[in-house]
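Input: a single structure, listed below in structure tokens.
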Amino acid sequence: MALVSERRPTSRETALFLLDARVKLVLLAVWSLASIPLGLAALIAFGLPPLALARRGGALRGLGRRPCFAFAALLVFVFLARVLSVEGEPLITLSGVSASREGVVSGAEVALRLLFVFFLGAILVATTPSAEVKAGVEWFLRPVAAAQAARIGTMLGLMVRFVPLVFAEIEAVREAQEARCVARRRNPLRRILCLALPALRRICLRADRLALAMEARGYRDERTPRPLKASPRDRGVLLAGLFWAVIVQVL
Amino acid sequence: MPSVIEIDRLSHRFADGTWGLREVSLAVEEGSFVVIAGENGSGKTTLLRHLNALLRPTAGSVRVAGVDPAREPLRARLLVGMLFQDAESQIVGETVREDVAFGPENLGLPRPEIERRVAAALGRTGLAHLADRRPHLLSGGEKRRLTLAGVLAMEPRIVVCDEPFSSLDYAGVRGVLAALISLQNEGRTVIVTTHDLDKVLGHADRLVLMREGRVFREGRPEEALASAGECGVKRPVLDSRGVRGLTWLS
């Protein structure tokens with residue numbers, strides 16, 4: 001279940017795609033944090049311009065449908081939870097359960113904030129090769145934990161690489177168990193164990209083989225780093241993004 | 001031709017006490033194509049893993065171009081590139097290009113040199129057009145060629161392949177076999193373990209048959225093939241070309 005489909009950027013999209021990964025990471029972090037104290041109207045005013053720019057740049061075109069639906073379901077759940085749990089002036093009361101006006105506003109705020117952060121993350125993933133994200137994270141970690149930065153970067157890369165494989169392993173075990181009529185077992189815990197234990201074993205074996213293969217290819221922490229270059233345009237975008245986050249806070 | 005690999009009375013005992021290898025002695029000539037065959041558990045994989053220091057000998061010694069892998073593992077890994085049986089587990093990169101670059105990056109090579117090697121390895125294995133593809137979207141044969149490209153980018157003198165044809169279709173086997181033969185034609189030493197002698201033996205200079213952790217018989221394929229059945233390996237049917245007809249590239 002990929003968040004974004006695999007595709008090459010078109011020439012119209014190059015501005016976003018060519019932006020330095022570190023700039024995108026900083027803006028993702030700063031804008032996400034900046035959205036926390038904002039109310040509903042401010043959130044819309046803050047979030048819409050960058051999202052509109054991203055949409056125009058083609059960054060949202062590759063978004064997968066399934067994860068979007070799953071995320072939408074999560075948002076609905078969060079919204080309803082807030083509506084029903086925040087006390088205030090009742091809007092509707094059904095069977096003793098009431099939805100408050102304050103709950104609706106609070107639910108909309110939280111859902112919109114999550115949606116905003118989701119889109120920021122999706123734009124980052126859609127417009128940045130994961131190797132560049134990894135190199136960017138490594139670059140930020142280097143002053144804090146120089147020795148561990150490369151290792152953390154490699155771990156990030158392996159996670160991205162192995163997520164589809166983990167799903168494939170689970171699917172393979174599920175099919176094998178279904179072929180052996182696991183559905184006829186009444187105990188759900190037993191059914192879960194029938195799936196989880198062999199899948200976990202296969203994943204651990206795969207991890208062992210991977211470690212061996214990496215060793216055979218001479219893996220070590222002191223590797224050639226991926227080059228990252230920030231152009232004047234990247235710096236300009238960074239400054240404009242930070243300025244936008246500050247302006248919204250002030251207003 | 002001088003020997004590039006010299007194994008002398010090599011024994012390996014696993015942590016659970018079972019013996020993987022017992023007093024294996026073997027010499028492999030530079031530039032030769034060697035096929036190692038034997039039933040499951042005969043010690044083929046264990047033997048290969050000593051060549052680039054993934055395992056250390058319990059007794060005996062291994063020398064690869066004069067280097068002792070147990071003492072100088074990184075140098076040994078520069079000399080010996082290894083392809084594992086499960087290609088999927090060997091692929092590290094998020095794209096084909098990144099995976100091929102993984103080995104040279106580990107060597108700390110400058111970026112232009114890495115890019116030169118990656119381009120050359122992708123070209124050699126016919127994967128240049130898939131350079132930006134995610135590895136999990138490749139076919140079985142393409143994945144195997146990707147692992148080969150990853151090894152080639154490290155420019156080893158010796159290429160060691162553990163069951164390179166397992167789970168591959170006809171086209172996949174032919175693609176991998178052609179790549180291995182071209183490596184030998186360049187002067188590299190190629191060592192392949194397999195159960196399927198009919199796919200590859202026609203290209204081999206030597207056949208090594210293993211049984212219960214020992215070298216049961218070794219020699220020219222024409223001579224050693226007679227003992228294949230005793231080592232749990234199916235003896236292929238020979239046509240008028242004899243052993244040279246045992247190839248899927250004809």
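Only heavy atoms go into these numbers, but all of them, side chains included; no hydrogens, no water, no symmetry mates. Below, chain A is the first sequence line, B the second, and so on; all start at residue 1. What you are looking at is a predicted structure, and each value in this text was computed from that prediction instead of being measured.
Proximity to chain A at a heavy-atom threshold of 4.5 Å picks out B:Gly93, B:Glu94, B:Glu98, B:Asp99, B:Val100, B:Phe102, B:Gly103, B:Pro104, B:Glu105, B:Asn106, B:Leu107, B:Gly108, B:Leu109 from residues 93-110 of chain B, in numerical order. Annotation: residues 11-18 of chain B contacts chain A through no residue [non-hydrogen atoms, separation under 4.5 Å].
With a 4.5 angstrom heavy-atom cutoff, A:Glu215 touches chain B via backbone and side-chain atoms both. Heavy-atom distances place no part of A:Leu205 under 4.5 Å from chain B, backbone and side chain included.
Atoms CG and OG, from A:Leu165 and B:Ser89 in turn, are 7.5 Å apart once rounded to the nearest 0.5 Å.
Side chain of A:Arg217 to backbone of B:Met82: no donor-acceptor contact under 3.5 angstrom is found. Under a 3.5 Å cut-off, the side chain of A:Arg209 and the backbone N or O of B:Glu88 do not form any donor-acceptor pair.
The two residues A:Ala213 and B:Phe84 have their closest heavy-atom pair at CA-CE1, 3.7 Å. The shortest non-hydrogen separation linking B:Arg111 to A:Pro227 is NE-CD, 3.5 Å.
Considering only heavy-atom pairs separated by less than 4.5 Å from chain A, the leading option among B:Asn52, B:Leu83, B:Leu54 is B:Leu54.
Within 6.0 Å of CZ on A:Phe140 lie more than 12 heavy atoms contributed by other residues, nucleotides or ligands. Atom CZ of A:Arg185 has 12 or fewer neighbouring heavy atoms from other residues, nucleotides or ligands inside a 6.0 Å radius.
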